[in-house]
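Notes follow once the structure below has been shown.
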Amino acid sequence: MKRWAGLAVLLALAGCTTTVSGTARPEPETPPSNLALVDPARTASVLTAVKTAAEAVFSYDSTAVPAYEKATADNLTPSARDELAKLFAEVRKSAEPVKLVTKVIVSAAVEETPDKARVLTVVDQSSTRAGAVTNKAMASLLLSAVREGDRWRIGKIEVNPSAPSPAAEKPGAGDRRSASVRDSARDGGLRAAEALLNVNPADPEGTYARYVSVSTGQLLTQLQQDKAAQLNQIRSAGSKASLAPNPAAAVMEVVDDKASVLLFATTDVKDAAGQATKRYLPIVLRLQRLPEGWKAAGIESVQALP
């Protein structure tokens, strides 16, 4: 992944007590409803299973159709097979041999229970026709998976997803505390994205102030050192960018007071001439937890595989 620079970049857990007969006691250590990252090894196992399934069903070789159909039968539910058939309709109609190879670049669990999971995934796809690579692209997916016996199958496919975040866990001890830290990091990443991905050329000072308000570490230092250049670039670019509602976000890891959040955002961009376009941004936010909350120490674009 490549670290963005300059404007190209930008585009304390509360304890919970219950009072009974005048005495405060900790809330019972009931398990969290969302198990993503609570048990990192189990989450890693789910991600591996979904990665294997995604790479199998999003790859296609017109000279090996039976193998492809077996892969979809093994790794998709019937409804997901119908979804994928629509996505692959044009590919399968090709009159010349075609081979599509898909590899997962990065993924993170949005939500996980013992029998279900939602995984935010960015994939690299390359297609070959007549023996030459003719197209290479990335795609961002939200994959809903279900556990059937000892196998995870993909049950729903959302391309360029938007997704409200799961409800935050109530504070508590043990696993509940881990889940609450995860959720606070996710929400911190969403707040940072809201500030960093909204650009208003009519208010460069306000745009820059929002950048600074959610930044720390290397990112803050760069912003402060390049303030004049940042302001000038916001003014001269003339394009207004607005973050679309409900960007999909998932925490990749939390280690001590640092976290990484995978986020897929759609921004609505209007240039100086009034021309409107959409930009699709799979990014990773590197966060640092400070006394006032999580802030962005770095932002990276997800890059296609070599």
Side-chain angles (χ1 to χ4, degrees), residues 4 9-11 32-37 43 46-47 50 54 79-80 83 86-87 104-113 116-123 138-146 154-170 179-200 207 210-211 213-215 239-254 259-270 276-287 293-296 299-302:
W4 293 359
V9 171
L10 301 170
L11 286 111
S33 58
N34 181 2
L35 299 175
L37 282 187
T43 298
V46 173
L47 293 177
V50 174
S79 61
E83 289 183 61
K86 294 175 183 177
L87 292 173
V104 170
I105 304 171
V106 62
S107 63
V110 174
E111 198 167 14
E112 179 191 338
T113 71
K116 295 182 181 180
R118 289 195 300 149
V119 177
L120 181 59
T121 305
V122 184
V123 299
M138 291 195 307
S140 296
L141 311 166
L142 184 60
L143 303 174
S144 298
V146 293
I154 295 171
K156 185 177 181 182
I157 302 164
E158 298 173 71
V159 182
N160 292 340
S162 62
S165 295
E169 300 286 351
K170 295 179 181 178
S180 188
V181 171
R182 176 205 63 213
D183 290 347
S184 71
R186 177 199 65 207
D187 292 345
L190 288 168
R191 285 192 296 273
E194 176 71 22
L196 296 171
L197 299 180
N198 281 288
V199 182
N200 184 359
T207 299
R210 287 194 299 275
Y211 294 168
S213 71
V214 298
S215 300
S239 294
K240 183 175 183 179
S242 302
L243 180 65
N246 297 324
V251 180
M252 299 168 64
E253 63 178 355
V254 179
S260 298
V261 177
L262 176 62
L263 185 140
F264 175 76
T266 300
T267 56
D268 296 306
V269 181
K270 183 175 289 187
T277 58
K278 289 186 180 293
R279 292 189 64 203
Y280 300 106
L281 305 172
I283 61 175
V284 174
L285 288 160
R286 306 296 184 184
L287 304 179
W294 294 93
K295 292 195 174 186
I299 181 170
E300 304 166 10
S301 62
V302 178

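For the atom pair CD1 (I154) and CD (E83), the distance works out to 10.0 Å, reported to the nearest 0.5 Å. Summarising the geometry, atom OG belonging to S242 is positioned 9.0 Å from atom CD belonging to E194; distances are rounded to the nearest 0.5 Å. The CZ atom of R118 lies 11.5 Å from the CG atom of L143; values are rounded to the nearest 0.5 Å. From I105, atom CD1 reaches atom OG1 of T121 across 10.5 Å, with rounding to the nearest 0.5 Å. Expressed to the nearest 0.5 Å, how far CG of L197 lies from CG of L243 amounts to 5.5 Å. With values rounded to the nearest 0.5 angstrom, R191 atom CZ is found 12.5 Å from L196 atom CG.
Side-chain contact between L120 and F264 is present, with heavy atoms from C-beta onward closer than 4.5 Å. Between S140 and Y280, every side-chain heavy-atom pair lies at or beyond the 4.5 Å cut-off. Taking the side chain as every heavy atom from C-beta outward, L87 and V159 approach each other to under 4.5 Å. With contacts defined as side-chain heavy-atom distances shorter than 4.5 Å, the pair W294/L285 does not qualify. Side chains of V302 and L262 form a contact here, defined as non-hydrogen atoms less than 4.5 Å apart. Contact of the M138 side chain with the P282 side chain is registered, since non-hydrogen atoms from C-beta on lie closer than 4.5 Å. At a threshold of 4.5 Å between non-hydrogen side-chain atoms, the residues K240 and N198 do not count as touching.
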Practice problem: Could you go through the side-chain contact (heavy atoms from CB on, under 4.5 Å) check for L141 and V123 one step at a time? | Solution: CA-CA 8 Å; L141 311 166; V123 299; 4.2 Å; yes
Practice problem: Apply side-chain contact (heavy atoms from CB on, under 4.5 Å) to the pair N34 and R182, showing each step before the final yes or no. | Solution: CA-CA 10 Å; N34 181 2; R182 176 205 63 213; 3.5 Å; yes
Quiz prompt | Step-by-step salt bridge (charged side-chain N to carboxylate O under 4.0 Å, His left out) determination, R286 to E300 | solution = CA-CA 8 Å; R286 306 296 184 184; E300 304 166 10; 3.1 Å; yes
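When all heavy atoms of S107 and L47 are compared, the pair lying nearest together is OG-CD2, 4.0 Å. The shortest non-hydrogen separation linking A241 to V269 is CB-CG2, 4.3 Å. Between G155 and S79 the shortest heavy-atom distance is O-OG, 3.5 Å. When all heavy atoms of V261 and A185 are compared, the pair lying nearest together is CG2-O, 3.8 Å. Shortest non-hydrogen contact noted between D183 and A168 is OD2-CA, 3.4 Å. Smallest separation of non-hydrogen atoms from G189 and L263: O-CD1, 4.4 Å.
A distance-only check finds a donor-acceptor pair linking the side chain of K295 to the backbone of S213 [under 3.5 Å]. Side-chain atoms of T43 come within 3.5 Å of backbone atoms of L37 as a donor-acceptor pair (strictly under, hydrogens ignored).
For the side-chain contact (heavy atoms from CB on, under 4.5 Å) with V110, the lone residue among P161, P166, S144, S165 that qualifies is P166. Among E112, E169, E111, the one residue that satisfies the side chain to side chain donor-acceptor pair (under 3.5 Å) test with S33 is E169. Of the candidates T267, T266, L190, P247 forms a side-chain contact (heavy atoms from CB on, under 4.5 Å) with just one, namely L190.
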